[in-house]
Amino acid sequence: MIQEEGYMLDTLHVMERPNVIVVGAGAAGLMAARELSLAGRSVTVLEARERVGGRILPLSHSEFGETAQGGAEFVHGSAKITRALARESGMTLVPMIGETWTTREGGFTLSEDMAPHDKELHRKLRELQSDMPIAQFLDRYFGDSTHASLRNSIQRMVEGYDAADPKRMSTFALREDWLSDKEWEQYRVTEGYGVLLTYLENQCRENGVEFQLGKEVRSIDTSGDGARVSCTDSSIYDADTVIVTVPLPLISTIMFTPEIPAKKKAAEDIGFGGVIKILLSFSDRWWEGARGKDLGKLTFMLSNEAVPTWWTRYPDTEPILTGWIAGPAAESYRNTSDEQILETALLSLSNIFLTEVEDIKQKLRAYTVVNWPADPLARGAYSYSTPETRAAREELLVPEAGKLYFAGEALCQSGAASTVEGALESGKVVAAKLLN
């Protein structure tokens with residue numbers, strides 16, 4: 001028997017020592033484990049869930065009636081690592097095409113651009129010398145009533161796309177997105193991200209990586225020789241090094257010895273937004289002729305409803321709509337039942353397409369609500385930049401005593417944060433840093 005933190009633990013609960021323990025089997029953790037195992041390191045992955053993937057959540061045909069994505073769904077930007085893995089794994093990326101419609105200005109019209117293109121806004125953004133939250137920027141330069149429409153447009157973009165709180169979101173980050181010359185690229189994964197997860201997991205296992213599922217980490221002790229990781233089920237794992245890849249809000253739930261107050265403060269200084277996805281499968285594409293319009297090419301639908309954003313699978317013809325609530329609005333639904341969220345979603349569709357709720361219900365075959373703010377192992381969906389984010393990232397990227405590393409989409413420095421690409425890149429970078 002071994003005495004540990006006041007508990008008598010059976011020696012069978014102390015696992016054989018690997019070189020590296022990776023905490024979290026999301027995209028960053030899987031990528032780090034793959035790179036380390038390819039380099040000959042012994043790796044154990046501890047994952048609190050009974051599955052790999054983290055905030056990537058493939059839904060099978062048996063779970064939803066169709067294959068669907070309850071978490072990450074699209075590929076954004078050039079995404080070089082994702083593209084390379086897509087070629088290796090057989091995953092197909094197709095450009096997003098189709099039409100975006102909106103009811104936001106009171107009508108029902110085609111929308112050309114997602115981001116606002118106001119000359120005065122762009123001028124003020126270019127002239128800005130110091131960063132500040134976007135809400136403060138708008139109050140300072142566009143606070144009068146004549147700019148109400150512009151303020152509402154920017155707030156919707158910040159909350160809906162970045163899943164961010166305008167009171168915290170970095171104005172510099174938005175400036176980089178809106179005023180850069182890079183094209184707005186977005187791709188759909190035909191088979192879903194499950195193909196990528198399976199590929200990475202299989203590669204890890206082939207290289208000897210051991211996966212321990214259902215292992216929620218309680219504490220990490222790096223005060224002695226190497227590192228000791230204790231889980232809530234009393235199992236203990238020893239290693240030379242630990243890489244923590246959990247979502248930012250979970251860092252504060254782990255007890256670290258020695259304590260790491262600067263790291264925990266840094267995690268809080270990076271924004272982390274909530275998202276709720278509502279996936280609805282219907283008997284037919286009933287919305288195509290709504291409002292007397294030809295909506296056969298509808299991809300995105302933007303509105304001011306409680307569930308403001310919807311998308312289809314166009315050009316694929318599956319009769320599926322996905323609803324999206326993001327940012328502070330998603331947080332307000334944290335404790336709302338799936339049934340209540342479904343009713344809210346159906347009412348939103350009714351108001352958008354001027355179709356009776358009961359008529360929509362009659363065509364509904366299956367639904368799934370994925371409430372990421374309510375998920376105790378995520379507590380949100382993805383990160384966003386605040387004025388403090390740059391310094392916070394730099395703090396989290398410095399290893400503690402050469403034995404404790406952090407990785408995840410929020411720590412990607414190439415501009416791909418908040419995406420699967422960012423998570424993959426972060427996992428790859430931290431593995432290379434450890435190997436060096």
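The residues Glu395 and Lys265 are annotated as not salt-bridged, no charged nitrogen and carboxylate oxygen being separated by less than 4.0 angstrom. Salt bridge Arg123/Glu120: present, at least one basic N to carboxylate O contact under 4.0 Å. A salt bridge links Arg334 to Glu331: at least one charged side-chain nitrogen sits closer than 4.0 Å to a carboxylate oxygen. Note on Asp240 versus Arg41: no salt bridge recorded, every NZ/NE/NH1/NH2 to OD/OE distance being 4.0 Å or above. Between Glu268 and Lys264, no side-chain nitrogen of the basic residue sits less than 4.0 Å from a carboxylate oxygen of the acidic one, so the salt-bridge criterion is not met. Contact check on Glu88 versus Arg34 returns a salt bridge, with a Lys/Arg side-chain nitrogen under 4.0 Å from an Asp/Glu carboxylate oxygen. Glu73 and Arg313 are not joined by a salt bridge, as no carboxylate oxygen comes within less than 4.0 angstrom of a charged side-chain nitrogen.
Side-chain contact between Glu63 and Thr368 is absent, with no heavy atoms from C-beta onward closer than 4.5 Å. Inter-residue side-chain proximity for Thr386 and Tyr384 is flagged as met; some heavy-atom pair is nearer than 4.5 Å. Taking 4.5 Å as the limit, some side-chain heavy atom of Leu200 sits within range of a side-chain heavy atom of Leu424. For the pair Leu280/Trp310, a side-chain contact is recorded, criterion being any heavy-atom separation below 4.5 Å from C-beta on. Looking at heavy atoms from C-beta onward, Leu174 lies in side-chain contact with Asp162 at the 4.5 angstrom threshold. Between Thr253 and Arg379 there is a side-chain heavy-atom pair separated by less than 4.5 Å. Looking only at side-chain heavy atoms (C-beta outward), His147 and Tyr141 stay at 4.5 Å or farther from each other. Side-chain atoms of Val229 and Lys215, non-hydrogen and from C-beta on, never get closer than 4.5 Å to each other.
No side-chain N or O of Ser78 forms a donor-acceptor pair with one of Glu185 less than 3.5 Å apart. Between the side chains of Arg218 and Thr232, not a single donor N or O lies within less than 3.5 Å of an accepting N or O.
Nearest approach of Ala345 to Val307, heavy atoms of both residues: CA-CG2, 3.7 Å. What you find for Phe137 and Thr171 is that their closest heavy atoms are CB-OG1, 3.5 Å. Nearest heavy-atom pair, Val275 versus Ala330, reported as atom, atom and distance to 0.1 Å: N-CB, 3.8 Å. In terms of heavy-atom proximity, Ser219 sits nearest to Ile254 at CA-CG2, 4.1 Å. The shortest heavy-atom contact between Glu66 and Ser281 is CG-OG, 4.3 Å. Counting all heavy atoms, side chain and backbone alike, Thr245 lies closest to Gly24 at OG1-O, 3.2 Å.
Taking CD of Gln203 as the start and CG of Leu38 as the end, the distance is 6.0 Å to the nearest 0.5 Å. The distance from atom OG of Ser348 to atom CE of Met301, rounded to the nearest 0.5 Å, is 11.5 Å. Remark: Leu349 CG to Lys361 NZ distance equals 12.5 Å, nearest 0.5 Å. Taking OG1 of Thr222 as the start and CZ of Arg228 as the end, the distance is 13.0 Å to the nearest 0.5 Å. With values rounded to the nearest 0.5 angstrom, Leu138 atom CG is found 7.0 Å from Leu150 atom CG. To the nearest 0.5 Å, the span separating OG1 on Thr309 from NZ on Lys277 amounts to 12.0 Å.
Ring orientation note: the planes of His76 and Tyr161 are nearly perpendicular, at an angle over 60° on the 30°/60° scale.
Cation-pi contact between Arg175 and Phe172: present, with separation from the ring centre below 6.0 Å and deviation from the ring axis of at most 45°. A cation-pi contact links Arg83 to Tyr187, judged by a cut-off of 6.0 Å to the six-membered ring centre and 45° from its axis.
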### Task
Kindly indicate, with the supporting measurements, whether the criterion side chain to side chain contact (heavy atoms under 4.5 Å, CB included) is fulfilled by Thr102 and Thr100.
CA-CA 7 Å; Thr102 181; Thr100 297; 5.9 Å; no

### Query
Checking side-chain hydrogen bond (donor to acceptor under 3.5 Å, both in side chains) for the pair Thr419/Glu421: CA distance, chi angles, key distance, verdict?
CA-CA 5 Å; Thr419 67; Glu421 173 73 10; over 6 Å; no

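Annotation: Glu259, atom CD; neighbour count of heavy atoms from other residues, nucleotides and ligands within 6.0 Å does not exceed 12. Counted within 6.0 Å of CG on Asp144, heavy atoms from surrounding residues, nucleotides or ligands total more than 12; the atom is thus considered enclosed.
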